[in-house]
Each structure stands twice: as structure tokens, then as C-alpha cells.
Amino acid sequence: MSKHTATKRITVPDIRALKGREKIVCLTAYTAPVAALLDSHVDLLLVGDSVGMVVHGLPTPTGVTLEMMIMHGQAVMRGSSHALVVIDLPFGSFEASPEQAFTSAVRVMQETGCQAVKIEAGVALAGTIEFLVQRGVPVMGHVGLRPQAVHIDGGFKAKGRSDDERSRVMAEARAVDAAGCFAIVLEGVAESLAAEITANVAAPIIGIGASPHCDGQILVTDDMLGTFEWTPKFVRRYADLRTTIDDAAARYAADVRAATFPGEAEVYRFKQKN
Ligand code: KIV
């Protein structure tokens with residue numbers, strides 16, 4: 001969708017209707033000021049559990065809690081007015097049962113005002129997704145490389161090397177599509193597999209490290225702005241904010257040490273009242 005002028009947010013059906021018509025533009029956001037900067041440029045803002053690694057310094061997303069997602073979700077909702085806002089259900093908040101997933105999703109939606117949740121799940125949890133969708137919770141799926149499965153996989157590993165692995169990812173995508181996901185994140189898969197999945201499921205496929213053949217793209221905003229030190233192969237850096245911040249901090253420190261900050265223009269001088 002082109003840059004907006006209206007204040008009404010993009011809806012779940014709007015995103016679904018873009019499949020095969022227009023590329024869907026998505027980014028992650030975790031704070032109000034960054035959400036405000038991104039809002040007019042994107043169709044969808046994801047409050048991803050990547051927040052654990054890029055903001056909180058956690059080694060994996062598995063330490064992220066529902067409370068953290070809700071706090072960041074509230075900030076992103078306050079900072080945006082145009083994009084559809086989707087919030088990740090973190091590890092441990094949905095796997096135990098469909099009822100647990102429903103309780104977590106309702107809490108996230110009621111306490112933030114977001115329009116949908118994202119669930120990292122394959123065939124095993126397709127029933128949970130269906131349970132939520134049938135009860136009015138829009139769900140975005142997430143298949144392929146699933147960061148919450150980092151300890152099962154032994155790292156963040158791209159998928160699609162063997163026929164078995166390709167069939168497994170295709171089965172995951174088909175299962176969450178049939179369960180009613182309105183869109184599906186497809187992460188870290190071989191180009192040919194991404195093209196095959198995109199052509200064979202009804203929901204829009206939002207790729208990250210999944211080639212240009214997807215219906216849309218998402219990046220972790222901190223990766224594309226260059227604030228996170230580790231950059232996966234599939235990231236294109238659109239800015240180098242690490243260098244910008246480092247330069248700014250160095251110049252500030254030098255000015256304070258040289259007593260040239262604050263200067264004339266940066267101090268309060270009041271006329272004395274008698
Ligand atoms: O948590 C996240 O930011 C995500 C994206 C990588 C899609 O799931």
C-alpha cells in the first residue's frame with residue numbers, strides 16, 4: 001500500500017487482500033518513537049519477540065515474557081495510527097493448550113489494542129491456531145526458521161537443504177494456512193522453496209531471508225538500521241546507526257571533558273526578579 005494520508009488503520013482483511021496484487025511492507029517496532037517514524041511507510045508493524053535480543057540483550061528469544069510483549073505493544077500502539085499492529089506470543093505463552101493460547105492472545109489484544117497476534121508454530125499447533133481464529137483472534141503464522149525453536153535446532157539455521165526438510169516446511173505452511181492464518185512469516189528458507197510455498201498457500205507469505213518471491217517482506221528494524229552488531233546474510237543495511245551513535249557519543253564525551261558543552265546557547269539565564 002502506498003504512503004497513507006488517512007488515520008484509519010490497515011486491517012487484517014486489507015493485508016490478506018494484497019496477495020498477488022501488491023508487495024506487503026512490514027518492519028518490526030518496539031518503541032513509540034520508532035513506530036511513529038516507520039508507521040507511514042509500512043503496511044504492518046510487528047512487535048516481534050526479537051525485542052529480547054535487540055533491545056534487552058538476551059541471547060535468544062526464549063527469555064521474552066508476555067509482560068514484555070504487552071509493554072512494547074502498548075508503546076507501538078501509542079506511536080502508530082496507520083499500520084496493522086501484530087504482536088508475537090512469546091515462548092511458553094501458547095504451547096500448552098489452545099486455552100492457554102487464547103488467554104494469552106486475549107490479554108495481549110485487550111491490554112494493547114493491537115489487531116492480531118503472531119504464533120511460531122508448525123503442524124503440531126495448527127489446531128491451536130484454528131481454535132483462536134474461530135474465536136475471533138486473527139493469527140499471523142511463522143514457519144521455516146523458527147527462532148523460538150533455537151534450542152531444538154541447535155542454532156538459527158536456514159531450512160530447505162534436504163528433501164525431507166523442504167517437505168516439512170511445506171507441510172507447516174499448508175497446515176497453518178488451512179488453520180486460518182491471515183498471513184504467514186516465512187523465515188530463512190531456500191529461494192526455490194519460498195517460491196513454491198508462496199504459489200501454493202492462500203495466505204500472503206511475508207519473507208525474511210526467504211527470497212523476493214514472497215508476497216511481502218519483513219526485516220528486524222534494528223538489523224536494517226545497523227544498531228545490532230550481528231547481521232544475518234539476508235539483511236540489507238539501509239543505515240549505519242551504530243557508527244552514527246558511536247560518533248555522537250564520542251563527540252559529546254570530548255565536549256564535556258573539554259568543558260565546551262554546555263555552551264552559551266545551552267544555559268538558562270534569568271533576569272533577577274526583586
Ligand atoms: O520476532 C521477530 O522480530 C520476528 C521477525 C523475525 C519476523 O518474528
Side-chain angles (χ1 to χ4, degrees), residues 15 23-31 34-35 38 42-66 68-73 75-76 80 83-95 104-105 108 112 114 116-122 125 129 138-150 153 155-159 169 172-173 176 181-189 194 197-198 203-211 214-225 227-228 230-237:
I15 295 290
K23 292 284 188 189
I24 303 166
V25 183
C26 316
L27 280 171
T28 64
Y30 321 111
T31 65
V34 170
L38 304 179
V42 301
D43 302 311
L44 185 152
L45 284 171
L46 171 69
V47 187
D49 63 358
S50 51
V51 69
M53 292 176 72
V54 301
V55 174
H56 293 273
L58 293 170
T60 73
T62 55
V64 174
T65 63
L66 202 57
M68 288 162 77
M69 296 312 301
I70 289 170
M71 188 188 67
H72 288 288
V76 168
S80 62
L84 178 87
V85 174
V86 180
I87 300 183
D88 253 337
L89 290 191
F91 180 67
S93 71
F94 63 92
E95 301 90 335
S104 297
V108 164
T112 67
C114 77
V117 296
K118 177 163 81 61
I119 293 188
E120 285 186 26
L125 291 187
I129 293 173
V139 179
M140 186 178 205
H142 185 147
V143 301
L145 189 168
R146 289 194 265 125
Q148 290 175 11
V150 59
D153 286 352
F156 299 110
K157 295 188 178 149
K159 309 281 181 205
V169 178
E172 286 179 350
V176 303
C181 284
F182 73 91
I184 301 169
V185 169
L186 179 63
E187 179 165 357
V189 302
I197 290 174
T198 304
I205 295 294
I206 310 298
I208 172 163
S211 87
C214 302
D215 299 302
Q217 297 292 328
I218 187 162
L219 281 177
V220 170
T221 296
D222 296 67
D223 288 341
M224 74 110 185
L225 294 180
T227 51
F228 192 56
W230 179 66
T231 314
K233 167 187 166 61
F234 55 78
V235 170
R236 184 177 297 173
R237 279 206 168 162

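All ligand and atom numbering here is 1-based and tracks the order in the structure.
- Between E95 and L125, some side-chain heavy-atom pair lies under the 4.5 Å cut-off.
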Next item on the list: Would you check, one step at a time, whether the test side-chain contact (heavy atoms from CB on, under 4.5 Å) holds for V169 with L186?
Entry: CA-CA 9 Å; V169 178; L186 179 63; 4.1 Å; yes

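- Taking each heavy atom of M140 and C181 in turn, the nearest pair found is C-SG, 4.1 Å.
- In summary, the atoms of ligand 1 found under 4.0 Å from a heavy atom of G48, numbered by their order in the structure, are 1 (O), 2 (C), 3 (O).
- Between S50 and ligand 1, at least one N/O pair is under 3.5 Å apart.
- Close N/O approach between T28 and ligand 1 is not found [any backbone or side-chain N/O within under 3.5 Å].
- In this structure, K118 is part of the shell of residues with a heavy atom less than 4.0 angstrom from ligand 1.
- With a 4.0 Å cut-off on non-hydrogen atoms, H142 touches ligand 1 through its side chain and not its backbone.
- Within ligand 1, counting atoms from 1 as listed, the ones closer than 4.0 Å to a heavy atom of E187 are 6 (C).
- Across A121 and V143, no two heavy atoms sit closer than the pair O-CG1, 3.4 Å.
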Margin query: Using side-chain contact (heavy atoms from CB on, under 4.5 Å), reason through V47 and D88 one step at a time and then give a plain yes or no.
Written below: CA-CA 6 Å; V47 187; D88 253 337; over 6 Å; no

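- Only the side chain of I208 comes within 4.0 Å of ligand 1, judged by heavy-atom distances.
- At the shortest separation from atom 5 (C) of ligand 1 among protein heavy atoms lies L46 CD2, 3.8 Å.
- Of the possible donor and acceptor atoms, none in the side chain of T28 sits under 3.5 Å from a partner among the backbone N and O of L46.
- Note: an N/O pair closer than 3.5 Å links D88 and ligand 1 by distance alone.
- Between L145 and A158, the shortest heavy-atom contact is CD1-N, 4.0 Å.
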